[in-house]
Amino acid sequence: MKKEKVTIFDTTLRDGEQSAGASMSVEDKVSIASKLDDMKVDVIEAGFPFASKGDFEAVEKISRIANYSTICGLARAQDKDIEFAGKALLKAKRKRIHTFISTSDLHMKYKLNMQRNEVIEAIKKSITIAKKFTDDVEWSPEDASRTEKDFLYKTIEIAINSGANTINIPDTVGYAIPFEFGELIKSIRNNVSNIDKAIISVHCHNDLGLAVSNSISAIINGARQVECTINGIGERAGNAALEEIVMCLKTRKDKLNYFTNIDASKIATISHLVSTITGFNVQPNKAIVGKNAFAHESGIHQDGMLKNANTYEIITPESVGFSSSELILGKHSGRHAFKVKLNDLGFEFTDKKINQLFKKFKDLADRKKQIYEEDLLALIDDKGSSSKKEYLELMDISISCGSSKKASAKIKIKILDKIKILKKDGNGPIDAIFSALKNVIPNKINLLVYQVNAITKGTDAIAEVSVRIEEESITVLGQGSDLDTLVASAKAYINAINKLIVKRDKLKDAKNKIFESNEKIDKHVI
Ligand code: KIV
Ligand code: ZN
C-alpha cells in the first residue's frame with residue numbers, strides 16, 4: 001500500500017513563543033525559521049502579525065528568506081488581524097493565513113460573548129477576507145475537542161464552503177485522550193459533507209502529557225497535517241513535539257503507513273538552538289532530544305549495546321543528528337580540520353568568521369583537554385561575546401567567595417569607550433556579579449530567570465548561562481558561555497543589558513511606524 005504524506009506544520013515561533021517567559025527577538029525567530037526551512041518543515045507558523053510590531057516584522061522577514069516552507073501568519077476572526085497577516089506575508093513564495101474562532105459553548109459565552117449565529121457569520125467573513133490575500137487558508141474552531149459535535153460539523157462545513165482548504169482541529173486545553181480524539185477525527189470525516197475538499201489538521205496541547213499520542217491517533221483516523229513545536233514548547237504544558245511525531249512515524253513505519261518530508265538529521269541542532277534562544281533547557285529524559293535519550297547507564301544495557309546496538313536502541317543518535325564520535329578536535333587540530341568539522345555540522349561561514357572562531361577554538365583547546373561537538377556549537381552560539389560594537393563589554397572579572405566570607409565581585413568593564421571598575425558584595429558570587437553590573441544602567445532591572453547548562457561532560461565542561469531580565473515591562477534574554485560558570489554568568493548578564501538597551505531604543509524609534517492606530521493588543525488574547 002502506498003505511503004501517505006503527513007504535512008508538518010511547525011508553530012514554535014507562534015504557539016511556542018506563547019510559553020510563559022519564552023519571548024524571542026526578531027533575529028532569533030529568523031534564525032530558527034531558517035533552520036526549520038532547511039529541515040523541510042512544510043509550513044512554518046511564523047507569528048501573529050497583529051499582536052505586536054515584533055511579530056509583524058518577524059513574519060515579514062521570514063517570508064523573505066524561506067525557500068522551501070510555506071509561511072503562515074495567525075489571525076483572529078477580525079478584519080484588521082487578517083489584513084496585517086496578509087501584509088506581513090506579502091513577500092513569501094508560498095503563504096498561508098490561519099484564522100480561528102472559538103466554537104465551544106464555554107468559550108463563546110465567556111470569552112467571546114457571542115451567539116452561535118454570530119460565530120457562523122464571523123467564520124464566513126474572516127475566511128472570505130483571508131482569501132483576498134492568498135488561496136491557502138487554514139481555519140480552526142478553537143476548543144474543538146470540547147465543542148458540541150453537530151455545531152462543530154456545521155462550522156467546518158461553512159468554513160470549507162467559504163474557502164478554507166485546511167481544517168485544523170485543536171485540542172486547545174489538552175483535554176482529549178487518544179481513542180476519543182481519533183474518534184472525533186473519524187466522525188468529522190463521516191459527518192461533514194464537503195470534508196473531502198480540505199485537509200484535516202490537528203493541534204494538540206500537552207496538559208495531560210498526551211499531545212503526541214493524540215496526534216498519532218488523529219493521523220490513523222484521517223488527519224494529514226499535524227501542528228507541533230520543537231522540544232514541545234508552547235502555551236502551558238506545551239504542544240506536541242515535532243521530533244517525537246516525526247520519529248514515531250519513521251521508527252514505526254511497520255504499523256504507520258505514513259511519511260513526512262522532514263530531514264531528521266537536523267533535529268539535534270534545531271533542538272539546541274530553540275533551547276538556547278528560549279532559555280528553556282531540555283529535560284534530560286525527554287524523548288529524542290534529551291541528553292539521556294541515547295545514554296545507557298546500567299551494566300546490563302551497556303553490555304547488550306556493545307554486542308548489538310539494536311538490543312536497547314530503537315533509533316540511532318546519528319539519525320537525529322547527534323554524533324557518536326564524541327571527541328572531535330583537539331589542541332593540535334589545524335584550521336582546515338576545523339573548517340571541515342564546521343561544514344559537517346552544517347555551518348558555512350566566511351573566511352573572516354572562520355578565523356575569528358578558530359582563534360576562540362584555540363583559546364578553548366588550551367584550557368580544555370577534550371573538545372566535543374557541543375563545545376563547538378556553544379562557541380558558535382556565544383552571544384555573550386559578539387564581535388559587533390556593544391554598549392557594554394566585559395574586560396576582566398575577579399571573584400572572591402567562600403563559606404566563611406562574603407562574596408565580592410570586581411569587574412572591569414568598557415562602557416562605550418570608557419573603562420570602569422565595578423565592585424560589589426553579594427549573597428553569593430552570582431548575586432555579587434549581577435548587583436555590580438546592574439548599577440551601570442539607572443533603571444531597576446529584575447532578574448526573571450537564571451539557568452546554567454553544562455554543555456559537555458566533566459568538570460571542565462563549558463557552562464552555558466541564560467538569564468532573562470525585565471525593565472519596565474521590556475524583557476530580554478541574555479546568554480553567555482565560558483569554561484568558568486561565573487564568567488559565563490557575567491557574559492550572559494552583559495549580553496542581556498546590551499539587548500535591553502537596543503530594544504529600548506528600537507521601541508522608541510518604531511512608535512507609529514506600523515501601528516499608527518496606536519491599538520493596544522494583548523499578545524496572549526488567544
Ligand atoms: O490551541 C489552540 O487552540 C490554538 C489555536 C490558535 C489553533 O493555538
Ligand atoms: Zn495552541
Side-chain angles (χ1 to χ4, degrees), residues 7-20 22 43-52 55 59 70 72-78 81-82 84-85 96-108 110-112 119 122-123 126-127 130 136-147 151-152 155-156 159 164-176 181 184-185 188 198-212 214-215 218 223 225-242 245 278 521-526:
T7 295
I8 297 294
F9 176 113
D10 179 278
T11 182
T12 306
L13 303 176
R14 199 277 298 169
D15 212 317
E17 206 213 10
Q18 283 172 224
S19 314
V43 187
I44 299 174
E45 188 163 56
F48 179 9
F50 191 67
S52 70
D55 262 42
V59 176
T70 295
C72 175
L74 183 73
R76 291 170 299 181
Q78 289 179 14
D81 273 44
I82 300 165
F84 270 63
R96 174 180 295 186
I97 294 179
H98 175 193
T99 179
F100 71 99
I101 191 164
S102 292
T103 50
S104 67
D105 288 334
L106 193 70
H107 276 220
M108 287 188 295
Y110 294 104
K111 183 179 130 170
L112 300 176
V119 165
I123 296 169
S126 57
I127 296 174
D136 188 349
V137 174
E138 173 171 327
W139 179 74
S140 294
E142 193 187 356
D143 205 19
S145 52
R146 295 191 301 171
T147 296
F151 183 59
L152 181 66
T155 56
I156 295 174
N165 7 47
T166 300
I167 298 294
N168 178 47
I169 306 299
D171 180 26
T172 303
V173 289
Y175 182 69
F181 197 61
L184 175 64
I185 302 304
I188 289 171
I199 302 265
I200 302 180
S201 165
V202 288
H203 174 109
C204 298
H205 278 273
N206 206 29
D207 300 63
L208 294 174
L210 294 171
V212 171
N214 284 337
S215 306
Q225 173 178 289
V226 279
E227 302 200 351
C228 44
T229 58
I230 302 293
N231 299 339
I233 63 170
E235 192 78 64
R236 304 181 313 279
N239 290 69
L242 178 147
I245 290 174
T278 55
I521 303 124
D522 178 5
K523 198 169 166 45
H524 297 285
V525 282
I526 311 173

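Just so you know, ligand 1 is whichever comes first in the structure, and atom 1 is the first atom listed for that ligand. Worth knowing before you read on, the calculation uses all heavy atoms, side chains too, and leaves out hydrogens, waters and symmetry mates.
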Exercise. Heavy atoms, side chains only, cut-off 4.5 Å: are I185 and I200 in contact?
Worked result: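 A side-chain contact exists here, since the closest heavy-atom pair is under 4.5 Å.
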Exercise. Considering only heavy atoms from C-beta outward, does the side chain of E45 approach that of L74 to under 4.5 Å?
Worked result: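 Yes, at least one pair of side-chain atoms sits under 4.5 Å.
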Judged by modelled atom types alone, do [X] and [Y] share a side-chain donor-acceptor pair under 3.5 Å?
X	Y	result
S102	E142	yes
E235	H205	no
T103	T147	yes

For this session: Can you sort out which atoms of ligand 1 are near E142, meaning under 4.0 Å from one of its heavy atoms?
Result: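 Going through ligand 1 atom by atom, the ones under 4.0 Å from E142 are 3 (O).
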Exercise. Can you list the atoms of ligand 1 that are under 4.0 Å from a heavy atom of H205?
Worked result: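 Every atom of ligand 1 under 4.0 Å from some heavy atom of H205: 1 (O).
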Exercise. Once rounded to 10°, what is the value of the angle centred on the Zn ion (ligand 2) between H205 NE2 and H203 NE2?
Worked result: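 Answer comes to 100°, rounded to 10°.
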Exercise. Counting heavy atoms only, which part of D15 comes closer than 4.0 Å to ligand 1: side chain, backbone, both or neither?
Worked result: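 Looking at D15 and ligand 1, just side chain atoms fall under 4.0 Å.
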For this session: Taking atom OH of Y175 as the centre, report whether more than 12 heavy atoms of other residues, nucleotides or ligands fall under 6.0 Å from it.
Result: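 No, not enclosed.
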Problem set entry | Shortest non-hydrogen separation from A176 to D171 and the atoms involved |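 Result for this residue pair: N-OD2, 3.1 Å.
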For this session: Counting heavy atoms only, name the option from T172, T99, D143 that's nearest to atom 3 (O) of ligand 1.
Result: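 It is T172 that holds the nearest heavy atom.
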Exercise. Among E227, R76, R236, R14, whose heavy atom sits nearest atom 5 (C) of ligand 1?
Worked result: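 It is R14 whose heavy atom sits nearest to atom 5 (C) of ligand 1.
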Exercise. When only distance counts, is S140 in polar contact with ligand 1, meaning an N/O pair under 3.5 Å?
Worked result: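 No, since none of the N or O atoms of S140 sits under 3.5 Å from an N or O of ligand 1.
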Exercise. Would E227 count as a contact for the Zn ion (ligand 2), in the sense that one of its N, O or S atoms lies under 2.8 Å from it?
Worked result: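 E227 does not place any N, O or S atom closer than 2.8 Å to the Zn ion (ligand 2).
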Problem set entry | Atom nearest to the Zn ion (ligand 2) - D15, N, O or S atoms considered |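 Among the N, O or S atoms of D15, the one closest to the Zn ion (ligand 2) is OD2.
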